[in-house]
Amino acid sequence: MSRFTTDLINGIEPYIPGEQPRDKRYIKLNTNENPFYTSPSAMAKISESALQNLNRYSDPECTELTKSIADYYGMETANVLVTNGSDEALAFAFYAYCKNGVCFPDVTYGFYEVIANLFGCPMERIVLQNDFTVNCENYYNKGKTVVLANPNAQTGIELSLSKIEQIIKNNRNNIVIIDQAYADFGSSNAISLINKYDNIVVINTFSKSRSLAGARVGYVIANENLICDLKKVKNSFHPYNVNSLSSALAAEAIRDESYFKRSVQCVKDGRAQLSKGLLELGFRVLPSSANFVLAEHYVMRGEVLYKKLKMHGILVRHFKDERISNFIRITIGTESEIAELLKVINEIIAEKDNENC
Ligand SMILES: *Cc1c(COP(=O)(O)O)cnc(C)c1O
């Protein structure tokens with residue numbers, strides 16, 4: 001730390017991203033990326049002519065991409081704001097709506113707490129039930145902004161659309177932010193609610209279901225007035241927030257419906273394959289509607305399993321947070337990656353059984 005900064009910055013604990021190691025090739029199941037390549041027709045957009053325009057600033061309105069997103073959901077372009085990854089959308093929304101207070105589950109995406117601290121937003125963590133589900137009544141009439149990832153990060157558990165709607169109805173005087181990073185792998189999408197309620201902000205990303213984590217594109221869908229608020233924040237912070245190559249990729253990726261459907265289906269099939277395999281190996285697997293599963297083994301601690309898998313060239317995610325410290329979070333990989341993971345876990349558990357004999 002330098003002696004020039006503030007106590008706030010000195011005291012901050014930044015978000016720790018999952019490892020992106022470059023030392024060797026791992027089977028990489030730790031950061032919920034999509035194992036399938038980006039849509040080929042999207043990749044084809046990075047043509048010579050796109051590259052030749054890089055001397056010009058990107059379109060600050062992201063006109064083409066905004067229109068593709070609006071068309072996809074049957075919304076107006078005034079309901080859409082494109083951001084540099086959904087982490088930026090979260091930052092804008094926290095800046096605009098959380099200064100007086102924000103609440104979210106005790107087990108969820110770690111970035112919420114980090115941004116709340118950075119912006120000095122008073123925060124409340126609401127304890128998930130023993131089975132890691134949200135009790136929606138705990139979120140009624142909060143008098144502060146409610147943030148929910150749905151499906152929830154780390155657990156993969158989804159809240160039904162009717163329960164989300166109840167939470168929105170019971171918070172008419174504050175904002176409810178629904179982070180839908182994993183919604184395409186589940187079955188409840190809150191976008192339909194934005195025409196009905198003026199207090200819901202939906203945040204989405206191209207990083208997971210659209211195989212574009214490296215392009216850094218996210219977006220907000222909300223009532224026109226809310227989008228105006230967020231645009232003000234964006235234009236006061238970073239007017240050219242999305243680069244022109246990423247915009248072109250994302251605009252085509254959202255139009256390539258057949259590729260999207262196929263890759264989402266493959267991930268869902270992989271999720272069933274992985275969950276079944278883990279159950280057979282004696283794991284407890286939380287019911288996931290996302291592109292990962294959170295699982296714990298009764299005889300082997302999460303951290304030990306994480307380390308042993310890493311030695312075998314397989315990366316999964318382990319969190320130190322008390323409630324989930326015995327679990328590992330495994331991103332859904334390709335069919336062969338899942339088969340390899342299950343084989344290696346089986347060997348690790350067999351070794352441990354031998355040691356115990
Ligand atoms: C991955 C993730 C994000 C961040 O996505 P980017 O668009 O890559 O910034 C946001 N929220 C949740 C819950 C996530 O899991």
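When a ligand or atom number is given, it counts from 1 through the structure's own listing order. Throughout, numbering of the chain's residues begins at 1 and tracks the sequence.
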To which protein heavy atom is atom 14 (C) of ligand 1 closest, and what is the distance rounded to 0.1 Å? K208 NZ, 3.0 Å
Looking only at non-hydrogen atoms, the one of D179, L148, N150 nearest atom 13 (C) of ligand 1 is D179
Does the ring centre of Y95 sit less than 6.0 Å away from the ring centre of F92? no
Close N or O approach (S207, ligand 1; < 3.5 Å): yes
Give me the nearest non-hydrogen protein atom to atom 5 (O) of ligand 1 as residue plus atom name, then the distance to 0.1 Å. S86 OG, 3.0 Å
Please list the nearest protein heavy atom to atom 15 (O) of ligand 1 with its residue and the distance rounded to 0.1 Å. Y182 OH, 2.5 Å
For the ring pair F327 and F132, is the centre-to-centre distance below 6.0 Å? yes
Using the ring centroid of each side chain, check whether F104 and Y109 are separated by less than 6.0 Å. no
Against heavy atoms of G85, which atoms of ligand 1 measure under 4.0 Å? 7 (O), 9 (O)
Report yes or no: does a heavy atom of E88 sit under 4.0 Å from some atom of ligand 1? no
I'd like to check which ligand 1 atoms, numbered from 1 as shown, lie under 4.0 Å from a non-hydrogen atom of R216. 6 (P), 8 (O), 9 (O)
What pairs of donor and acceptor atoms, side-chain ones from residues 11-22 against any protein atom, are under 3.5 angstrom apart with sequence neighbours left out?
| from | atom 1 | to | atom 2 | distance (Å) |
| --- | --- | --- | --- | --- |
| E19 | OE1 | Y306 | OH | 2.8 |
| E19 | OE2 | K310 | NZ | 2.5 |
| Q20 | OE1 | K28 | NZ | 3.0 |

Check whether any side-chain heavy atom of K144 lies under 4.5 Å from a side-chain heavy atom of N174, and answer yes or no. no
Using a 3.5 Å cut-off and no angle test, enumerate the donor-acceptor pairs between side-chain atoms of residues 297-304 and protein atoms at least two apart in sequence or in another chain.
| from | atom 1 | to | atom 2 | distance (Å) |
| --- | --- | --- | --- | --- |
| H297 | ND1 | V299 | N | 3.2 |
| H297 | NE2 | L281 | O | 2.8 |
| E303 | OE2 | K320 | NZ | 3.1 |

